[in-house]
Amino acid sequence: MVEIIKIKIRNLSFSYNGKAILENSSMDFLENRITAIIGPSGSGKSTFLKILNRLWENNPGCTMLGKVDIKFADGFQDIYRKQYPVTHLRRQVGIVFQAPNPLPMSIYKNVAFPLELAGKNDKIATRSMVEDSLKMVGLWKEVHDRLDTSALKLSGGQQQRLCIARAMVLRPEVLLLDEPTSSLDHKAAEAIEGLLLKLKEQCTILVVSHYLDQVQRIADAVVELRQGKFVTHELSQGS
Ligand code: ADP
């Protein structure tokens, strides 16, 4: 399989109020692969995802040094370059959090919302993109006849798939997921795992997981955060 680097991290250091989380560490992440990010609680896994989406920038007391380059259609982009538009970044790097967080609006509007924010106002195109995204996450059959009902009425697993549909509607190049199955039952978690295996054909996936069995089932690569450094793990045989 051809190995194409999608994300290049160089000499990354990050701290909260002087407390170092990452210290001068570098790593490459490959395109169209699922990379599991593992490490003990508090090692900086969530922080690292936030660095890839620039979600920490409004927190006072944070310091970051180093370079984060992501390969988009127009080549490698330094996402921390001055004037690099954060809205542009977030359209290409989607994020899904641990607990499903649908907006208190209809199923349809939840998925259409990022399109609206991006200024895409063509109703027919929106409808088709919403339908495609719901199909992509295997929700269409379950919800097509109640798109106007509240997303909050869906089960936890359905809500999480809806959040993935919302993240995928802008066709991001990179999808970040922070322990996406930890609030779900076994069956719902299995559905998300199957979904990620499908989605990696379209995007590059980084998933924080503390379930080693899950990591073995879905990951193509494993990177541990250990004492401020990225450490590559070999996947065990048969995984
Ligand atoms: P993990 O995802 O591996 O559990 P986190 O990235 O959430 O780790 O947190 C890494 C460390 O940074 C923890 O010690 C946590 O308490 C601290 N931390 C996380 N967010 C903040 C914040 N906004 N301000 C200060 N410290 C934080």
Side-chain angles (χ1 to χ4, degrees), residues 6-30 33-70 79-80 86-87 89-90 92-101 156 159-160 163-164 166-167 172 174-184 188-189 192-193 195-196 199-200 203-236:
K6 185 73 173 178
I7 303 172
K8 268 197 270 188
I9 308 288
R10 292 294 176 269
N11 305 105
L12 181 64
S13 296
F14 188 92
S15 60
Y16 289 113
N17 304 307
K19 179 186 165 201
I21 306 297
L22 288 158
E23 289 181 280
N24 194 24
S25 198
S26 302
M27 183 57 66
D28 291 334
F29 295 87
L30 295 180
R33 302 289 157 83
I34 298 178
T35 302
I37 311 292
I38 64 168
S41 178
S43 58
K45 303 179 298 296
S46 300
T47 301
F48 175 53
L49 294 193
K50 286 180 190 153
I51 290 171
L52 295 175
N53 209 354
R54 289 177 51 182
L55 272 178
W56 58 274
E57 287 183 311
N58 293 329
N59 289 8
C62 298
T63 314
M64 191 194 113
L65 289 172
K67 208 154 170 279
V68 179
D69 288 351
I70 304 183
I79 65 163
Y80 282 91
V86 73
T87 45
L89 172 71
R90 295 205 184 130
Q92 302 185 84
V93 181
I95 189 159
V96 172
F97 297 99
Q98 181 170 3
N101 59 346
Q159 288 189 10
Q160 194 60 310
C163 292
I164 297 175
R166 187 175 64 196
V174 176
L175 182 63
L176 311 171
L177 303 109
D178 196 349
E179 300 196 25
T181 62
S182 60
S183 66
L184 306 180
I192 302 276
E193 287 179 14
L195 170 60
L196 296 184
L199 290 181
K200 76 171 179 179
C203 63
T204 300
I205 296 177
L206 270 63
V207 56
V208 170
S209 176
H210 62 257
Y211 301 113
L212 284 184
D213 52 342
Q214 176 173 76
V215 169
Q216 298 225 328
R217 280 193 295 271
I218 66 170
D220 301 300
V222 181
V223 170
E224 181 180 355
L225 279 180
R226 195 193 297 162
Q227 292 168 345
K229 302 280 186 201
F230 296 107
V231 181
T232 313
H233 271 244
E234 289 302 316
L235 280 162
S236 55

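Ligands are counted one by one from 1 in listed order, and the atoms in each one are counted from 1 as well.
Contact annotation for atom 15 (C) of ligand 1: protein absent (non-hydrogen atoms, distance under 4.0 Å).
Looking at I21 next to ligand 1, no N or O pair under 3.5 Å apart turns up.
Remark: of the listed residues L89, L65, D69, I51, I51 is the sole one forming a side chain to side chain contact (heavy atoms under 4.5 Å, CB included) with Y80.
Heavy-atom proximity to atom 8 (O) of ligand 1, evaluated over G44, G61, P60, C62, is greatest for G44. Residue nearest to atom 23 (N) of ligand 1, selected from I51, N59, D178, L225: N59 (by heavy-atom distance). The residue from P40, S43, G42 that puts a heavy atom closest to atom 4 (O) of ligand 1 is G42.
In terms of heavy-atom proximity, V207 sits nearest to P180 at CG2-CD, 3.6 Å.
Nearest protein heavy-atom neighbour of atom 7 (O) of ligand 1: S46 CB, 3.7 Å. Atom 19 (C) of ligand 1 has as its closest protein heavy atom Y16 CE1, 3.4 Å. Closest to atom 6 (O) of ligand 1 among all protein heavy atoms lies T47 OG1, 2.5 Å. The nearest heavy-atom contact from the protein to atom 3 (O) of ligand 1 is K45 NZ, 2.8 Å.
Put simply, the side chain of K229 gets close to the backbone of E23: a donor and an acceptor are under 3.5 Å apart.
Ring-centre distance between F48 and F29: below the 6.0 Å cut-off.
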